[in-house]
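Reviewing the structure listed below.
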Protein chains: 2
Amino acid sequence: MPGRWGKGPVKWWYGEFRDYGYRITIPRQTILQVLDESKEHLSAEDIYLKVHNIYPAIGLTTVYRTLEILVNMGLIYKFDFGDGRARYELSSGSRKAFHHYHLICTECGRIINYTDFIDEELELVKKTEKELSKKYNFKIKNHTIQFYGLCDRCANNKE
Amino acid sequence: MPGRWGKGPVKWWYGEFRDYGYRITIPRQTILQVLDESKEHLSAEDIYLKVHNIYPAIGLTTVYRTLEILVNMGLIYKFDFGDGRARYELSSGSRKAFHHYHLICTECGRIINYTDFIDEELELVKKTEKELSKKYNFKIKNHTIQFYGLCDRCANNKE
DNA sequence: ATATTAATGAAAACGATTATCAATAAGGAA
DNA sequence: TTCCTTATTGATAATCGTTTTCATTAATAT
């Protein structure tokens, strides 16, 4: 989609936003812009700070509220890596959506998205998903695979 | 191991506990007993309440502190399912340790451990683990696979 | 341009977890 | 056993991420 990801405020979600009956506001535009420009797994506060640089009137409350509706709309994913704060990432974007596979350092909290083996994993996941939803009567919406351990830096610091 | 899982306070961890220099106390015994007798994914407060029935003098602080050392010792696993409270489960026990695979209802918080396909999954996980730890220099200690969705009860309530 | 009402931000409230600290009790030594 | 040392305890306060409240502001339909 040429031009869809040009610089400046992203607009591709305007229609979808209106379909939901949501208004298009500067805080919401800025939050989506920040999410779109970032490759990281951002926490609510990360996002707040980045938005604050662009639009200093922003409130942390608005960030939380906007993130919640974006999650409900399916525009972003919310992750919980066990460090007490949630992380958010656009569900679609410049890069393809491989947001489900993570390496997490339990020492420093570093998070790496890996994209190796996703084909094989996706196949197995799809099969599992199908069988599990049948067996347990679960309507499966999403999944994650996480590996926990020590990253190189932290492993070295331990010896 | 016959007799290892008899009723009454569990004692199999006494040695390990002493090796770590930890003292064996009534609160700790009771917490481990509760964990051993439960098949569920218990939150700290769940555990507190159950222990409180047996040993009313228990404090919530002690529960948190004990759980932390048990996690560090590797005797229990700590999970974070994204509902703001951590869950704990014995890493070994009467049942084998298939604590890594969950179905989570995002509506009511119900958690189901599934054990289907774990053979295939374990195989893939092992392979992935090996390759990822090489590629990213990660010392992988643990992993989880979670499926999020709606359980039968909650899916029905939505229509 | 105006009216309607969703959206905002500051502040307070909340819930889970952690830190503080004086009192207690486990376990080794005598 | 009894005493001593020190880890452990539980009540309380503090912390931190997130939610709620509510009066003010601003987006959109008219």
Side-chain angles (χ1 to χ4, degrees), chain A residues 9 11 13-32 34 41-73 76 78-88 106 109, chain B residues 9 11 13-32 34 41-73 76 78-88 106 109:
Chain A
K11 301 211 186 77
W13 45 272
Y14 278 27
E16 198 160 351
F17 237 68
R18 277 194 254 264
D19 292 346
Y20 273 83
Y22 292 131
R23 294 180 179 175
I24 289 159
T25 67
I26 298 179
R28 285 173 180 174
Q29 292 187 56
T30 316
I31 289 166
L32 268 159
V34 161
H41 298 82
L42 300 177
S43 68
E45 203 190 344
D46 293 337
I47 295 165
Y48 167 77
L49 291 172
K50 282 176 187 287
V51 172
H52 189 268
N53 287 333
I54 305 169
Y55 180 72
I58 192 73
L60 186 53
T61 313
T62 301
V63 173
Y64 276 107
R65 270 187 301 231
T66 303
L67 291 173
E68 193 190 352
I69 70 172
L70 293 176
V71 168
N72 288 338
M73 290 173 69
I76 63 175
K78 179 180 184 180
F79 294 103
D80 201 322
F81 298 128
D83 65 344
R85 65 184 62 194
R87 312 297 176 111
Y88 302 85
T106 51
Chain B
K11 302 211 188 79
W13 45 272
Y14 278 25
E16 200 160 351
F17 236 68
R18 278 194 253 266
D19 290 347
Y20 273 82
Y22 293 131
R23 293 181 180 175
I24 291 158
T25 67
I26 299 178
R28 287 173 179 171
Q29 291 187 59
T30 316
I31 289 167
L32 268 159
V34 161
H41 297 82
L42 300 177
S43 68
E45 202 189 345
D46 293 337
I47 295 164
Y48 167 77
L49 291 172
K50 283 176 187 285
V51 172
H52 188 268
N53 285 334
I54 305 170
Y55 180 73
I58 191 73
L60 186 52
T61 312
T62 300
V63 173
Y64 276 107
R65 271 187 300 230
T66 303
L67 291 172
E68 194 191 351
I69 70 172
L70 293 176
V71 168
N72 288 338
M73 289 175 70
I76 63 176
K78 179 180 184 179
F79 294 104
D80 200 323
F81 298 127
D83 65 343
R85 66 183 62 192
R87 312 298 176 112
Y88 302 86
T106 52

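Here is the naming used below: chain letters follow the sequence lines, and residue numbers restart at 1 for every chain.
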In sequence, state the C-alpha distance, the side-chain angles, and the governing distance for B:L70 and B:L32, and then conclude on side-chain contact (heavy atoms from CB on, under 4.5 Å). CA-CA 9 Å; B:L70 293 176; B:L32 268 159; 4.2 Å; yes
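Atom-to-atom, CD1 of A:I26 to P of C:dT8 comes out at 10 Å; the value is rounded to the nearest Å. In this entry the distance linking CZ of B:R87 with P of C:dG15 reads 16 Å, nearest Å. Atom OH of B:Y22 and atom P of D:dA7 are 12 Å apart (whole Å). Regarding B:R18, its CZ atom lies at a distance of 7 Å from the P atom of C:dG28, rounded to whole Å. When the C1' atom of C:dT17 is taken as reference, atom OH of B:Y88 falls 8 Å away, rounded to whole Å. Rounded to whole Å, the distance from CG on A:L67 to C1' on D:dT18 is 11 Å. If you measure from atom CD of A:E68 to atom P of D:dG17, you get 19 Å, rounded to the nearest angstrom. A:I69 has its CD1 atom 14 Å from the C1' atom of D:dA27, to the nearest Å.
Relative ring orientation between A:W13 and A:F17 is described as perpendicular, the plane-to-plane angle rising above 60° on a 0-90° scale split at 30° and 60°.
Within the 4.0 Å cut-off from OP1 or OP2 of D:dT9, at least one side-chain nitrogen or oxygen of B:T25 is found.
Using a 4.0 Å heavy-atom cutoff across all strands shown, B:Y55 reaches sugar-phosphate atoms only and no base atom. Among the heavy atoms of the strands lying under 4.0 Å from B:R28 are primed sugar atoms or P, OP1, OP2 only; no base atom is included.
Using a 4.5 Å heavy-atom threshold, the side chains of A:L42 and A:V34 count as touching.
Judged by distance alone, with hydrogens and angles left aside, B:R23 brings no side-chain donor or acceptor close enough to the base of C:dG28 to form a pair under 3.5 Å.
In this structure, the nucleotide among D:dT18, C:dT17, C:dT8 sitting nearest to the side chain of A:R65 is C:dT8. Looking at the side chain of A:I24, the nearest of the listed nucleotides C:dG9, C:dT8, D:dT28 is D:dT28. Side-chain atoms of A:Y64 lie closest to D:dG17 of the nucleotides D:dG17, D:dG10, D:dT9.
Each of A:T61, A:L60, A:T62 was evaluated against A:Y48; a single residue qualifies, A:L60, per the side chain to side chain contact (heavy atoms under 4.5 Å, CB included) test. For the side chain to side chain contact (heavy atoms under 4.5 Å, CB included) with B:Y88, the qualifying choice from B:V63, B:L67, B:D46, B:I31 is B:L67, the only one to do so.
For the pair A:L60 and B:L60, both in contact range of DNA chain C, the more 5′-proximal nearest nucleotide belongs to A:L60. Of the two residues contacting DNA chain C, namely B:T61 and B:E45, the nearest-nucleotide position lying further toward the 5' end is that of B:E45.
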